[in-house]
Each structure stands twice: as C-alpha cells, then as structure tokens.
There are 2 protein chains.
Amino acid sequence: MPHLMLKDLPRYECLLEAAREFPELDPTAAEAYLHLLRTADDVFALSESRLAAAGISQGRFGVLMLLSHCSGPRNGNASCATGPRTPAELADAAGVTRATMTGLIDTLERDGYVVREPDPSDRRMLLVRLTRKAENFLTRFLPIHFRGASEVMGALSDSERKTLVRLLGKIQHQLATLPPPAPTQKTA
Amino acid sequence: MPHLMLKDLPRYECLLEAAREFPELDPTAAEAYLHLLRTADDVFALSESRLAAAGISQGRFGVLMLLSHCSGPRNGNASCATGPRTPAELADAAGVTRATMTGLIDTLERDGYVVREPDPSDRRMLLVRLTRKAENFLTRFLPIHFRGASEVMGALSDSERKTLVRLLGKIQHQLATLPPPAPTQKTA
DNA sequence: CGAAAATCATTAGGAGGCTAACAGTCAGCC
DNA sequence: GGCTGACTGTTAGCCTCCTAATGATTTTCG
C-alpha cells in the first residue's frame, strides 16, 4: 500500500533553490533520498497491482510465503529450515504486531487459505497451516511474481545489480548506526 | 506506514535453492529487488518515526509540504511555481484519491494546521490554506527532516549517490515500459 | 433556455497497520 | 499445592489508505 505522496519528484533546480532557504538541505543527498523512496514505491505498487489482480494483498501474500517454505517436506538445509507456524512466529518473521497478524490470519482463514489448529503440546498456542487452495494459489502465482521481479531488474546488468545491492547495503548499515529519534521539543 | 513483511531477507543460498524449484526466479534479480524494497522501507520507517515524534503522519506532512511552497510569496520561478490549492489538486499531486485527501484535510483542519475556504469563483471548490501553526511547524521541523535525509545518505559519496540515482532511474524507466498487469486467470 | 455530462467534495464501508488491555495457559518457586 | 509472572492469542479503538456511491454545482450543447 504505497503512499509516498509527492508523486512528482522536485527537480534538481528546486532542491538547489530550497537549499538556499534551508542550509540543512543537501541537494545530492535529498535527490538520492527521494529517488530511492520513489522507485521503491513504484516497484512496490507494481507488485501490489499484480497481487491485487490475483486477488490477494501484500500482507496476506507475505504470510502465505512465510508459511509455504515450512509446510512442504522438511529439507535438511539449515539455511532454509523450518519456517514459522504459530501466529507469534509469523508476526515476528513478518515484522508486524501479533494483533495485526491475528487480523491477517482472520481474513486468510475466512477466504480459505489457511486453517488454525490447536497445538497439542501447549494449549496456549495455535498452529497455522496452508490449505490446498493456498498451495494451488502459490503454485500458480509464484512464477508470475518471480518473473515480475526479473522483469523489473532486467533494466540492470549483473554488475549493476551488484553495485545497487552494495550501495543499498551501505545505506542499511548507516541506518543501523543512526540513533532512534527523540520527541521533537515544542519550544525552541 | 511500512509493512514490507519479510523482515529478514532470505539469504542468497536460499534464493539459489528456490530457483531450482522455480525456473522463473532469477537469483540476482530477486536479491536486488528485495534489497531495494527492504532498504527503502527502512528509510521510510525512520522518516515516519521522526515525523511521529513531531506529532504528524507521513500523509499529513506531505500535504503540508505541497501547500507550503505555494502559500508563500509568489516567486516567478517557473520550475517551482504555484502549488496546489484545492483538495482535488492536492490529491493529484500527492497521488492519492480525493476521498483520501478529504480525510487528510479533515484531520489537518481538526488539528489546526489548515483551513478550508470557499472559492469565490466556483462554489464547487474549496481553497486549502496553511495556518500560522503549520508554518511554524514547518519552520521548526524541516531542518530536522532535511538533516535526517542527509544523515541517511551520508553513507554514500557524491559519486555513489550519482550512481544510485542513475541505477534507480534505469529501474524507473523499465517500470514505465512494463505493461500493466491483467487479472490472473483462475483456470490454466 | 434547459437537460445532460462533467467535476467538485464528501460520505460509507472495508482493509490493514498500531497500542493497550484482556483471559487463558504454562512454568517456577516457595 | 498454590501464587506469581511470563507468555499465548484475541479484542477494542484509533489512524490512514482504498473504492464506490452521493449530492451539489458548473459547463456544455441541442
């Protein structure tokens, strides 16, 4: 659900002009910043529209993906081992709250994609399982999804992709070092 | 309000493994694709948390930004000329529906950041205007906002920023050439 | 002139986020 | 054996986004 606002990015001259008023505005930084958000938003929107055409939302699709690579036969591969099964594990893996995951599972269960089953060993817990319908959906849709990603990234060569990943990695690393924001003081 | 799901990106070996099952999955494309969405989501989340600390949401902030560079004195610069004034113009500029803009203006007006005024020349229309409170807010917050963007992009040198913008531009161009998705057929 | 079409902003209802509070269940520790 | 605390999933209420339908107004054109 992209909502970046600012559909049309300001042109570089506008950034330069704004920088005269705000010395904190670094034009090249702002340009890269806005392009990053804008491009990712467009990519996200395309993915979402494809999912919507298939009748599912990003959030729900994410849950199906998380469940898919654990409901199949266990592969011994340690790197891609058992996935989440309980609502709490799904929430942690997806990066949303448990309340949100409850809502997602509600709609997925209503639409017949998953079922909740009690955990025999701990009555507090539930186990979420994909239905046949969900497996059929994934079998049908995942090729479309992967092909879509390949098409988007088809604009870049292999070395360009590596460069992009490297630059994004630097940004990620920078994000990890930045302190969390404190509440803005009302009075100067 | 980022909700990318997939908090932890799959490792490259997992992509390779998945590619054995799905020939449509191009591992380097998927890697770049996921990193792009993930990084932008993190950047967006940081920005949102700073805005939340200042007591405003991304959507509302976007509206204030759109209104800010038009309510001031008219500069003759054609590149940064008059901004939107009516709810419909704001919705178009922001890339949201008019109904959504109505809701945003509702809360902004409730909180005293904007006022609605009737358009004297067309009684269907309204003019949205920033209040003194909103201008004070922007004066106080924009430096924080710009500094935040600079900090994030501080991870990259000037040439790296140029490279990033260039690669993102290629992706944007590719997006523009891709056809819009058709509804997924239920039957193969 | 007057009816049809277009455009305006809004409302209603749904989805997916969040926080906070809740009842049920398990584990530990006197 | 029975508290206490930690953990489970859920509920309730709020926010922002969407689509679709509505009423009011302007514009267009026969």
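Letters go in sequence order (proteins before strands), and every chain restarts at 1. As a basis for the values below, the full set of heavy atoms in this structure was taken, side chains included, without hydrogen atoms, waters or symmetry mates.
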Whole-Å gap separating P (dA9(C)) and CD (E109(B)):
13 Å
Using the test salt bridge (charged side-chain N to carboxylate O under 4.0 Å, His left out), find all partners of E31(A) that sit at least two apart in sequence or belong to another chain.
none
Does OP1 or OP2 of dC18(D) have a side-chain N or O of T97(B) closer than 4.0 Å?
yes
Compare side-chain N and O positions of S57(A) against OP1 and OP2 of dA15(C) and report whether any pair is under 4.0 Å apart.
no
Separation of dG17(C) C1' from Q58(B) CD (nearest whole Å):
14 Å
Please identify each residue that fulfils ring pair (Phe, Tyr, Trp, His ring centres under 6.0 Å) with F22(A), with sequence neighbours left out.
F146(B)
Rounded to whole Å, CE of M125(A) lies from P of dT25(C) at a distance of 13 Å
Going by atom types only, do S47(B) and Q58(B) share a side-chain donor-acceptor pair under 3.5 Å?
yes
Of the listed nucleotides dT19(D), dC17(D), dA9(C), the one nearest the side chain of L104(B):
dC17(D)
Rounded off to whole Å, could you give me the CZ-to-P distance for the F61(B) and dC17(D) pair?
14 Å
To the nearest Å, give me how far apart CG (L90(A)) and P (dG9(D)) are.
9 Å
Taking only residues two or more places apart in sequence or in another chain, which ones pass ring pair (Phe, Tyr, Trp, His ring centres under 6.0 Å) with F61(B)?
F141(B), H145(B)
Nearest to the side chain of A88(B), which nucleotide is it out of dA9(C), dG17(C), dC15(D)?
dA9(C)
For R116(A) and dT8(D), is the shortest distance between a side-chain N/O and OP1 or OP2 below 4.0 Å?
no
According to a strict under-4.0 Å criterion, is R123(A) in side-chain N/O contact with OP1 or OP2 of dT8(D)?
no
Return the value, rounded to whole Å, for the distance between atom CG of D41(B) and atom C1' of dG16(C).
14 Å
L126(B) CG to dT25(D) C1', in whole Å, measures 12 Å
Closest to the 5' end of DNA chain C, once T107(A) and S121(A) are matched to their nearest nucleotides, is T107(A)
Between A155(A) and E160(A), what is the shortest heavy-atom contact and its length?
O-OE1, 3.9 Å
Answer yes when D158(B) and K162(B) have at least one side-chain N-carboxylate O distance shorter than 4.0 Å, and no when they do not.
no
Set of residues satisfying salt bridge (charged side-chain N to carboxylate O under 4.0 Å, His left out) with respect to D106(A), sequence neighbours excluded
R116(A)
Identify whether any heavy atom of T102(B) sits under 4.0 Å from a base atom; if not, whether one sits that close to sugar-phosphate; answer base, sugar-phosphate or nothing.
base
What integer distance in Å separates D122(A):CG from dG24(C):P?
16 Å
Residues passing the side-chain hydrogen bond (donor to acceptor under 3.5 Å, both in side chains) test with T97(A), sequence neighbours excluded, are T100(A)
Name the pairs: protein N/O against N/O of nucleotides 4-7 of chain D, kept only if under 3.5 Å.
unit_1: dC7(D); atom_1: O2; unit_2: R124(A); atom_2: NH1; d: 3.3

Under 4.0 angstrom between T86(A) side-chain N/O and dT8(D) OP1 or OP2
no
With the side chain of A99(A) defined as its heavy atoms from C-beta on, choose the nearest nucleotide among dC18(D), dT11(D), dT16(D).
dT11(D)
